[in-house]
Amino acid sequence: MACNGISTGNAFLESTLSHIDCQAQTIGSLGFFGLSAPGSPYDALLTSLLTIFIAIFGFRLLLGYDTQPRDVVTGILKIGIVLLLATSWPAYQILVYNTVMHGPAEVANVIAGAAQLPGANGTLASRLQSVDSAILDLTALGSGRLQQVANSAEATNAVQFSQIAVGDDFGLGFARIAYLVGTIGSLGLLRIAGGLLLALAPIFAGFLLFDATRGLFAGWLKGLALVALGSLGVTIALSVQLALLEPWLSSTLYLRIGDAAVPAAPSELLAINTAFVLILFAIIAVMGRVAFSNLMTISLRNKNGDTPSLLKPVPRAENVAVASGATIEVSGASRAYQITQSVEASQRREASGNLGSSGGTQALDTASSNRRGSGNQYESGGLGDSYKRTTSRVSRAAAQRDRS
């Protein structure tokens with residue numbers, strides 16, 4: 001095996017954490033190489049997905065669908081991101097792998113150093129092992145309430161004394177179990193999940209190309225965000241646990257070495273370690289809520305709030321200017337259709353005559369109403385069946401041209 005084995009006794013916790021971390025990194029790196037290697041089954045699948053994506057985009061251009069420049073740029077960016085995540089290990093290692101695997105520890109070191117918490121500067125694993133060793137020593141010494149007594153009176157006091165706390169075997173034994181389960185369980189869950197998600201990058205990268213599968217790519221990114229945020233939160237929580245346990249164990253062991261009884265120690269240690277088991281997994285749940293919030297949803301939207309699609313035409317409403325300065329709203333997927341509508345509107349305007357700057361239907365209706373109300377068809381100067389021009393219309397530009 002590429003990773004070292006674990007050992008029992010005073011090096012159990014540190015060797016277990018080191019082995020899990022090694023396995024996670026091995027899965028993340030070598031798994032990526034296995035999926036992205038030339039000739040692998042996924043290599044052909046990725047090539048097919050890229051071919052289909054480019055073919056669909058090309059057919060949209062040939063069939064005259066409404067394709068904006070931003071859609072072209074978005075498509076090129078998608079292809080670049082997919083190729084980077086699926087085939088380029090150096091770029092992927094810097095941007096994603098190191099961020100997920102090593103970034104949380106670096107941030108935690110800064111926070112722990114500023115807050116003066118134990119475990120900063122890469123000493124977390126060794127100090128966790130020191131606490132585990134101290135728990136083993138306390139278990140061997142016991143709480144001191146089961147010592148032999150010389151007479152019956154002292155024996156009676158010893159029985160009453162033993163009833164105020166949890167027994168040594170149960171309290172100290174389950175306290176160490178809770179400590180190991182919380183530490184190994186939380187860190188192991190995050191590290192192994194992170195290694196698996198990092199190894200699956202070549203598969204999930206291809207899901208970015210199409211709208212129907214983009215949610216899977218977004219879920220993969222959210223999973224990586226959960227691993228990173230969860231690792232940061234768990235590391236800080238373990239540092240706080242060390243800040244509680246280290247001085248408590250030091251004082252308790254000092255009393256036991258001095259042959260003083262500490263009857264409440266088993267229950268206190270069990271309570272602290274059990275509480276931190278709940279705290280560690282609750283932090284993972286909280287960070288998961290943050291990572292999977294709607295703010296992390298990947299959506300490339302245009303200025304109207306619509307999500308462009310490469311698989312179906314997206315109707316858009318646009319204002320098309322005509323020669324008179326007015327605008328008309330046309331909707332459709334083809335730019336040719338919009339131009340045709342603009343030309344037809346311009347022709348209708350020219351056929352209706354010059355009705356002023358408004359040139360609209362409202363002005364024509366108003367002029368017709370004034371003409372009918374006044375009884376004089378020549379006052380309004382409008383056009384219609386009740387008035388026909390008897391002389392040719394000469395524009396000002398034509399008159400100036402004739403005089404020159």
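The basis for the numbers below is simple: all heavy atoms, side chains too, and nothing from hydrogens, waters or symmetry mates. These numbers were taken from a predicted model, which means no experiment stands behind them.
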Self-check item: Close side-chain approach of L208 and L216, heavy atoms under 4.5 Å
Solution: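 Of all side-chain heavy-atom pairs linking L216 with L208, none is under 4.5 Å.
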Self-check item: Heavy-atom side-chain contact between T183 and F276 under 4.5 Å
Solution: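 Not touching, per the 4.5 Å side-chain cut-off.
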Quiz item: How close do R256 and V262 get, heavy atom to heavy atom, and via which atoms?
Solution: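 Reported closest heavy-atom pair: CD-CG2, 3.3 Å.
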Self-check item: ring pair (Phe, Tyr, Trp, His ring centres under 6.0 Å) partners of F281, counting only residues at least two apart
Solution: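 Once residues adjacent in sequence are excluded, F281 has no partner under the ring pair (Phe, Tyr, Trp, His ring centres under 6.0 Å) criterion.
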Quiz prompt | Residues which pass ring pair (Phe, Tyr, Trp, His ring centres under 6.0 Å) with F12, listed by chain and number, not counting sequence neighbours | solution =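 Testing F12 for ring pair (Phe, Tyr, Trp, His ring centres under 6.0 Å), a comparison that skips the adjacent residues, returns none.
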Quiz item: Got a sec, which pairs hit salt bridge (Lys or Arg N to Asp or Glu O under 4.0 Å) with one end in residues 170-193, sequence neighbours left out?
Solution: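 Listed by first then second residue: D21-R191, D132-R176.
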Practice problem: Output every pair passing salt bridge (Lys or Arg N to Asp or Glu O under 4.0 Å) with a member in residues 98-123, not counting sequence neighbours, ordered by first then second residue. | Solution: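 As it turns out, there is no salt bridge (Lys or Arg N to Asp or Glu O under 4.0 Å) pair with a partner in residues 98-123 once direct neighbours are skipped.
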Quiz item: According to the ring-ring contact (aromatic ring centres under 6.0 Å, His included) rule, which pairs have a member within residues 20-41, sequence neighbours left out?
Solution: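 Matches after skipping sequence neighbours: F32-W89, F32-Y92, F33-W89.
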Exercise. Could you pull out all residues at least two apart from I52 that satisfy side-chain contact (heavy atoms from CB on, under 4.5 Å)?
Key: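 side-chain contact (heavy atoms from CB on, under 4.5 Å) check on I52 returns I56, F210.
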Exercise. Would you please classify the geometry between the F204 ring and the F207 ring as parallel, tilted or perpendicular, with 30° and 60° separating the classes?
Key: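 The arrangement is perpendicular - the two ring planes meet at more than 60°.
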Practice problem: Examine distances only and state if a side-chain atom of T51 and a backbone atom of T47 form a donor-acceptor pair shorter than 3.5 Å. | Solution: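 Side chain of T51 to backbone of T47, a donor-acceptor pair under 3.5 Å: yes, one is there.
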Quiz item: Side-chain donor-acceptor pair under 3.5 Å between S18 and E14, yes or no?
Solution: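 Judged by distance alone, the side chains do not pair up.
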